[in-house]
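See structure below.
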Amino acid sequence: MTTHGFSGAAVRALLSWFEKEQRYMPWREQKSAYRTWISEIMLQQTRVDTVIPYFNRFMKHFTDVYELANAKQDEVLKFWEGLGYYSRARKLHECAQVLVTDYHGVFPETYEELLKLPGLGPYTAAAITSIAFAQPVPVVDGNVFRVHARLYGDYDDISKPNTRKKVFEHLLEPVKVSKHPSYFNQGIMELGALICTPQNPNCTKCPVSKFCYAKSNKVQSELPVKKPKTKVPEKDVAIFLLEDEKYVLLQQRHEKKLLGKMWELPGSEFKDKPEEVLVKIKEQTGFELKVGKKLKIFRHAYSHFKVKAHLYEATHCGTAIVGTGLHDVQWVEKSNLSEKAFGKIALDILKYLKLRKA
DNA sequence: AAGTCGGGGAG
DNA sequence: CTCCCAGACTT
């Protein structure tokens with residue numbers, strides 16, 4: 001009768017599995033706190049395969065914390081385009097400047113100090129302390145929640161903040177015993193990504209299956225426990241294409257909102273008719289638009305709502321004040337449209353516009 | 001405690 | 001379609 005959870009033997013099994021089976025990741029080469037930091041921020045809620053090309057491009061352009069700190073925010077955002085959660089990029093930039101001004105460009109090496117930096121929460125602070133500075137602080141991410149819940153048979157709701165604390169404290173001992181905090185932490189996460197997956201975990205290949213509560217009780221599909229989320233509403237949005245031979249009118253989104261500071265075709269949500277949006281556009285930009293032909297509908301799903309975007313041609317009647325700097329609107333040359341930072345819907349529209357010409 | 005914030009891969 | 005990913009931050 002073996003006990004469940006991370007005994008010394010289970011920890012050793014995990015480590016030797018990790019050393020053999022770990023995937024190649026560029027940030028595991030030429031390891032530094034800077035590289036670990038950038039990779040960990042990019043990896044927040046984002047898969048490894050998605051991050052790799054972004055990481056390589058980013059590191060090539062911003063080779064150290066000083067280059068990042070001295071860059072313009074728009075430039076940083078440009079290298080983040082398509083990766084999502086853009087506040088990560090803004091915090092990353094802000095953090096680089098804090099490091100340069102307050103820390104002589106050098107990362108503090110303790111969990112508590114790292115936690116104070118912008119964009120670094122419990123997970124990322126633990127990841128940097130353990131991976132870059134070899135200290136025994138456990139990481140708790142989605143993979144760890146899952147592996148831990150199954151291994152120990154823990155039915156606590158992982159969406160509750162208290163559960164994170166419990167798991168963290170529960171893993172303090174094993175990560176210390178392991179002697180290799182970096183490998184222990186990365187090992188659990190790699191196990192969660194490759195073997196102990198959300199659906200249909202591959203227990204036959206799992207190095208710690210004989211220490212696993214869920215495996216021996218056949219309850220893998222019940223763990224981890226997570227409160228069901230409420231289903232998402234769909235919003236109707238009207239978007240207007242106002243153009244001449246050379247230019248298209250773009251509007252900048254509010255800084256602190258969804259897709260903050262991104263440029264897009266002017267438009268917003270409506271309840272009944274798309275004309276409702278024209279009033280708002282006039283207030284915000286001074287442009288008096290008239291709705292033209294309906295061109296196409298674009299759909300996109302965000303985390304907690306869906307968008308049904310109706311694209312219309314538009315003309316403007318009356319005189320508009322342009323170029324005063326008072327309005328967050330800009331005529332952009334069609335050839336330069338992709339120079340602005342775009343979200344997914346805008347990129348789809350851009351693709352459509354190019355296609356429409358041909 | 002609940003809501004906000006992206007985009008994409010897997011099934 | 002649904003789920004969830006090497007989460008952090010605001011309200």
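We name chains A, B, ... by the order of the sequence lines, and we start the count at 1 in each one.
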With sequence neighbours excluded, residues passing ring-ring contact (aromatic ring centres under 6.0 Å, His included) with A:F18:
A:Y183
Tell me, for nucleotides 5-11 of chain C in 5' to 3' order, what letter each nucleotide earns: B for a base near a protein heavy atom under 4.0 Å, S for only sugar-phosphate near one, - for neither?
BBBSS--
Under 4.0 Å, counting only non-hydrogen atoms across every strand here, what does A:K227 touch: a base, just sugar-phosphate, or nothing?
sugar-phosphate
Return yes if a side-chain donor-acceptor contact under 3.5 Å exists between A:H300 and A:K306, otherwise no.
no
Between B:dC5 atom P and A:M262 atom CE, what is the distance in whole Å?
13 Å
To the nearest Å, how far apart are A:H254 NE2 and B:dT4 P?
16 Å
Find the distance A:L347:CG to B:dG6:C1' and express it as a whole number of Å.
12 Å
Does A:L223 sit in a hydrophobic cluster with other residues, and if so which ones, taking ILVMFWY side chains as linked at heavy-atom separations under 4.5 Å, directly or through other members?
A:Y155, A:Y213, A:V219, A:V225
Counterpart residues, salt bridge (charged side-chain N to carboxylate O under 4.0 Å, His left out), relative to A:R28 (two or more places apart):
A:E190
Gap between atoms OH and C1', on A:Y86 and B:dG7 respectively (whole Å):
7 Å
Results of ring-ring contact (aromatic ring centres under 6.0 Å, His included) for A:H93 - residues two or more places apart only:
none
Can you list the residues that meet the ring-ring contact (aromatic ring centres under 6.0 Å, His included) rule with A:Y54, with sequence neighbours excluded?
none
